Each structure stands twice: as structure tokens, then as C-alpha cells.
Amino acid sequence: MALEIYNVLHRAKEPFEPLHEGKVNMYVCGPTVYDHAHIGHAKTYVSFDVVVRYLRYSGYDVLYVQNLTDVGHLLDTGEDRILKKARQTQAVPMQIVETYTRSYFEDMDALGVVRPDISPRASGHIPEQIKMIERLIEKGHAYVSKDGNVYFDVTSWPSFGKLSNRQIEDQQAGVREDVREDKRHPADFALWKIAEPEHILRWDSPWGVGYPGWHIECSAMAHKYLGTTFDIHGGGIDNIFPHNECEIAQSEAANDAEFARYWMLVGTLMVPDEFGIPTKMSKSLGNFYTIKDALKLHRPEVIRMFILGAHYRNPIVFSEEALDAARRGWERIYGAVRLTREKLRTAPEGEAGNAFLDTLEQARRQFISAMDDDFNAPGGIAALHELTREVNILLNGEQPVGRAVLEAIDQTYRELGGQVLGIVPEEAESASGSAEREEGLIRLLIELRAQARADKNFQLSDLIRDRLSELGITVEDRPDGTVWRIN
RNA sequence: GGCGACGUCGCCAAGUGGCAAGGCAAGGGUCUGCAAAACCCUCACCGUGGGUUCGAUUCCCACCGUCGCCUCCA
């Protein structure tokens, strides 16, 4: 079966057929860089990371663009998020942007999220945005208000609302309307705003000194780097309205062409509130848990395992217990990988045990069939778990296993668990000078302990094991020797 | 009020018109000097009520419940 994607645009799974064979152009809405990223962001970007990795694994040439919003994203009060943070910390706006952009990449790198090919910033694409706004005005889809702001005229675009299936007249008009608004229709949205004196993030434009609306950046930058029509647009489901909807309307109105062909939206990460009711994790609610904090307690692979344990479209509820369960499941898989690599150190040459290659092939097929089904990562992980049982049986059994088979096992884990899902580390632990020395010392202690065990001096052998355990090193005795790992 | 998603074993979570993956936890074994790990065994009739069908957890309707969005949020 070939790849199918659930297209939010049509609320159905559809065979994936890129515009240009073998090539995928993809855009994902990135973060607003005014604070550290939290694990809700991790869910979205790890999810799309796996999408990109799997597409590449499947042989597609992917161009992945993910923007950074650094201007125009306003608060209820009308204040720009970036400016507010700058005022609070007595910094200039671009310092804030730089600080949190670096923080964002630091977190994503730590989580093993492959960087987008292009990470365009809104503030770096003001001319492109102005140009698009001009086109919209020319075509009669936007107007300059009496206060000098430019708005998109939703009544000029009948298909407005097609992604979220909303009829503008059905919405409760004025629910959160700004009383100062000078729009023709409550649903009209800002393309360009005239800057108040204190609004120092400002640019010249045909309509006066001001700044772009939030939505126009994605349309302008997607157009610049991916063309008028591209394959996949991704983001969090919480931005389906108004943001994604506005992107579609203004892009299709300006370019006379379909915007994105497949829309993929990721379910929200929730966190229990004080009463235990799941609530969306968000910066504004203040109930967020930063990626940096999560990484202090958990390995990146475990955080990925937690996120990928549910299908990307579904919401997940965050808790330490859930992360803990993910950790145990991950340890099971990684334990088999480690055992494989340990055996590889001393494996005999040859094809012994090569009947196992069928099992590997079957696991790969199962994995691919899950991932081809709208990137069903939980199904992919299940395939890995089932493989892991077979690997454990093989490696703990009596039959000799040759190097060829061990290498094939390792390779399967590297590709499916490493390359695609990013939950299997490349190498055990890094081999820096001090790490090598540490490893040597641990092996020395294990040798001494083996001697103590041979002498039935269990008091000493247990002492060594206990003291190593206190240092975070677990020792396991196997029939063919002792293995160890750092917790 | 409108739009959308969801409700599957103690917990997490896939899935299918024809006897319900996987993980965690739990109980019982095997192995071990003792552990640990691993392996084996045990552990669900799919929110409620209707309907369609030879047959529904899977399709349709209603209801109950939960969440998201309705111009701050990945």
C-alpha cells in the first residue's frame, strides 16, 4: 500500500500524490519566539519531524520550510507579544527574537528534530508581505479602512472557512471584537496595521508606517520558497481558525491558485488542571512545562517516545506517569538494541541464524504499512516492540548468531527506530576521551566482580554492584557474561 | 449558540463490517548465588439507547460525557 495522508481539507484519508513526482514541498507554521518552547511545541514539531523523516526514508526529496514569527502577533490588548517581552526585560525587540529563536533551535536540536531546510522570519520578509497585500487590494479582496489599516474582505471570498468548515455568519459576531475596530465585516482580518507611536516594530509601506498582520507572513513566505501551490501544509489544530483559514483565503485570492494540497494538523497537548481536567497547555494559560525542564528529567528519545505513542492527530495528556511508562517501553526496545551491539563486539563471522532475516523483513513491512497509513507512529512502535520480543528470544537463546544477522538487526533498528522515529540512538554513549576512560574503569570493576563471583565471594560482588548502582550504572549478569548500562 | 475531534482492558494506545495490535502496570512461572533483564502463561466484547445488515466495536441517528476552535496560543 502506498502512502495515505488524512487531509483536513476533505476530512478524509487520501493517497498522497505530490505535485512533482518524487518531490515534496512542505510548510509548517512555526512558533512565535517570545518565550521558551514547551512540550506542546515539542508534540507538533516532533510529529512533523517524523513526517519529514519518513517521507525522506520513502525516497522523497523534501523541501521543508518552517517560519519563525517575530512580528505582528498581537495580544488581546493589541500589544505585540515581542514588544511586551522587550519592555518587561528592558531589551530591544530583536534581542528577544534572537534569544528565543536560539532557545527554540537548542531545544529542537536536543530532541533530535531535524532542522527545517529554511526557517524564514516574518520580519525579514516585509517587502514580500507588502507586495502580496498590494495584489489583494488590486484584486478587490482587501481595502484600506478609514484609520489607514488594511483588511482582507472576507465577503469577497466565498470559500472563506473551507478548511475549518465555518460559515462566517454562524459565528457569534463580536464575541471578542475590539471596540475600536474599523472593519467592514467582523470577520475581516488585518493585513497591515498603522503603528501607534509606542509600537517600535515598524516599517514603511504604501499605507504608512506600520506592521503586518499575523497571518500574511505565512502566505508570503510559503509563496516565496515553495511556489503558489505546494504539497503539504502543517500546524497545530488550534490554529485552524482563524490563522490557517486566513492563510488559505489570502493566498488563493492573491495567486489565483490552490494554496496547499494536503493539510495536516496535529492534536493538542493537554495537561491536567488543578481538578484533573485535561486543559490545553499554552503559554498564555501559564500551565506550560518547558522542553528544557523536561530534558532535565528525561532522555530526548523518551520524550519522543511519549509523543509518538499516540497518533499525531489525537490529543495527548501530559503527565510524569505517562512519561515514565514511555521510558519503560523505550528501555525495552533500546535494551535489545544494546544487546545486539554488545554481541556484535565479539560475534563470529558467518551467516548463523539467518532464518531471522525473514523476521526482520516482516517487521519492516509491518512498520512501513503502519507509517504509510497516515504516519501511524504508534503502529510503527508496535512493530518495533514485536520485533524486540523476537530479537530477545534469538539473542538469549542457545543458537549461535553470526555477525551478518546481528548487523542486519542493528541496521533495522537504525533505520526504523533511528532514522525514521528518532528513538534509537546512533551509538551507545559518546566516545570522548573521558567517556572512554570511564568505560575502561567500569569494565575493570566488572572483571574484578566476575573474579569475586567465581570465588563465591558474593559479599564483594554485591558491594561492587551496589556501589555501581549508586553511581547510576546497572549491571546485569548473563550466561555469556556481564553487561552494564548507564541509567 | 456554531464548527470540529474524541469516548476501546487498572493506565496509555492502535485498529477492523465477520471471532479486538502493542506498551505500562498486575498475578503465576522459567532462568539467576541473589538480583536485574529476558522469555512463557493469565488479563477487554470496544460510553448509552435505537437503526441499517446474514453479521457492527467498526456505518447511520439520538443521547450522555470530555476536549479544542469561534480573531492571544504549536
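Chain A is the first sequence line, chain B the second, and so forth, proteins listed ahead of strands; every chain is numbered from 1. Just so you know, these numbers come straight off a predicted model, no measurement behind them.
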Task: Charged tip of A/Arg166 within 45° of A/Phe241 ring normal and under 6.0 Å - done: yes
Task: Presence of salt bridge, A/Arg328 and A/Asp324, under 4.0 angstrom - done: yes
Task: Under 4.0 angstrom between A/His41 side-chain N/O and B/A74 OP1 or OP2 - done: yes
- [ ] Quick one, give me the B/S/- string for nucleotides 27-33 of chain B, reading 5' to 3', where B means a protein heavy atom under 4.0 Å from the base and S means that only happens at the primed atoms, P, OP1 or OP2.
- [x] ------B
- [ ] Could you check how far CG of A/Asn376 sits from C1' of B/U16, rounded to whole Å?
- [x] 13 Å
Task: A/Arg11, nearest nucleotide to its side chain (from B/G4, B/C70, B/G23) - done: B/G4
- [ ] Name the nucleic acid region contacted by A/Val483, choosing base, sugar-phosphate or nothing; use a 4.0 angstrom heavy-atom cut-off, strictly under.
- [x] nothing
Task: Options B/A36, B/A74, B/G23, nucleotide nearest the side-chain atoms of A/Arg389 - done: B/G23
Task: Per A/Asp373 side chain, nearest of listed nucleotides B/G2, B/G4, B/G15 - done: B/G15
Task: Integer-rounded Å distance: B/A5 C1' and A/Phe241 CZ - done: 17 Å
TODO: Measure from the side-chain heavy atoms of A/Ile277 and tell me the nearest of B/G68, B/G15, B/U66.
DONE: B/U66
Open item on the list: Tell me whether the NZ or CZ atom of A/Arg184 lies within the 45° cone about the ring axis of A/Tyr151 and under 6.0 Å from its centre.
Closed with: no
Pairwise N/O distances under 3.5 Å, protein to nucleotides 6-9 of chain B:
none

- [ ] Check whether the ring centres of A/Tyr104 and A/Tyr45 lie less than 6.0 Å apart, and answer yes or no.
- [x] yes
Task: Touch class at under 4.0 angstrom, heavy-atom based, for A/Gly40 against every strand present - done: base
TODO: Take atom OH of A/Tyr100 and atom P of B/A74, then tell me their distance rounded to the nearest Å.
DONE: 15 Å
Open item on the list: Say we look at B/A14 and B/G47: how far apart would their P atoms be, to the nearest angstrom?
Closed with: 15 Å
TODO: Name the closest nucleotide to the A/Asn396 side chain, picking from B/G22, B/A38, B/A13.
DONE: B/A38
Open item on the list: Nearest to the side chain of A/Ala325, heavy atoms from C-beta on, is which of B/C24, B/C70, B/A13?
Closed with: B/C24
Task: Whichever of A/Asn165 and A/Leu285 has its nearest RNA chain B nucleotide further upstream toward 5' - done: A/Asn165
Task: A/Arg332 side chain near B/C39 phosphate (N/O to OP1/OP2, under 4.0 Å) - done: yes
Open item on the list: Applying a 4.0 Å non-hydrogen cut-off, can you work out what A/Gly234 is touching in the nucleic acid: base, sugar-phosphate, or nothing?
Closed with: nothing
TODO: Select one nucleotide: of B/C24, B/A74, B/C70, the one nearest the side-chain heavy atoms of A/Met281.
DONE: B/A74
Task: Touch class at under 4.0 angstrom, heavy-atom based, for A/Ser164 against every strand present - done: sugar-phosphate
- [ ] Could you check A/Ala322 against A/Ile393 and say which one's nearest nucleotide on RNA chain B is further toward the 5' end?
- [x] A/Ala322
Open item on the list: Side chain of A/Glu476 only, heavy atoms from C-beta on: which candidate in B/A37, B/A74, B/G22 is closest?
Closed with: B/A37
Task: Pair A/Phe259 + A/Phe230: ring centers closer than 6.0 Å - done: yes
Open item on the list: Hydrogens and angles aside, do A/Tyr225 and A/Asp117 bring a side-chain donor and acceptor to less than 3.5 Å of each other?
Closed with: no
TODO: Could you go through the side chain to side chain contact (heavy atoms under 4.5 Å, CB included) check for A/Ile291 and A/His36 one step at a time?
DONE: CA-CA 8 Å; A/Ile291 293 170; A/His36 294 296; over 6 Å; no
- [ ] Respond yes when some side-chain nitrogen or oxygen of A/Lys280 is under 4.0 Å from OP1 or OP2 of B/A74, and no when none is.
- [x] no
Task: Closest to side chain of A/His311, choosing from B/A5, B/A14, B/G22 - done: B/A14
TODO: Classify the side-chain pair A/Ser103/A/Lys292 by whether it contains a donor and acceptor separated by less than 3.5 Å.
DONE: yes
Task: A/Glu252 with A/Lys162: basic N within carboxylate O range, under 4.0 Å - done: yes
- [ ] Under the side-chain hydrogen bond (donor to acceptor under 3.5 Å, both in side chains) rule, collect the residues that match up with A/Thr482, sequence neighbours excluded.
- [x] A/Asp477
- [ ] Give one of base, sugar-phosphate or nothing for A/Phe306, where a contact means two heavy atoms less than 4.0 Å apart.
- [x] nothing
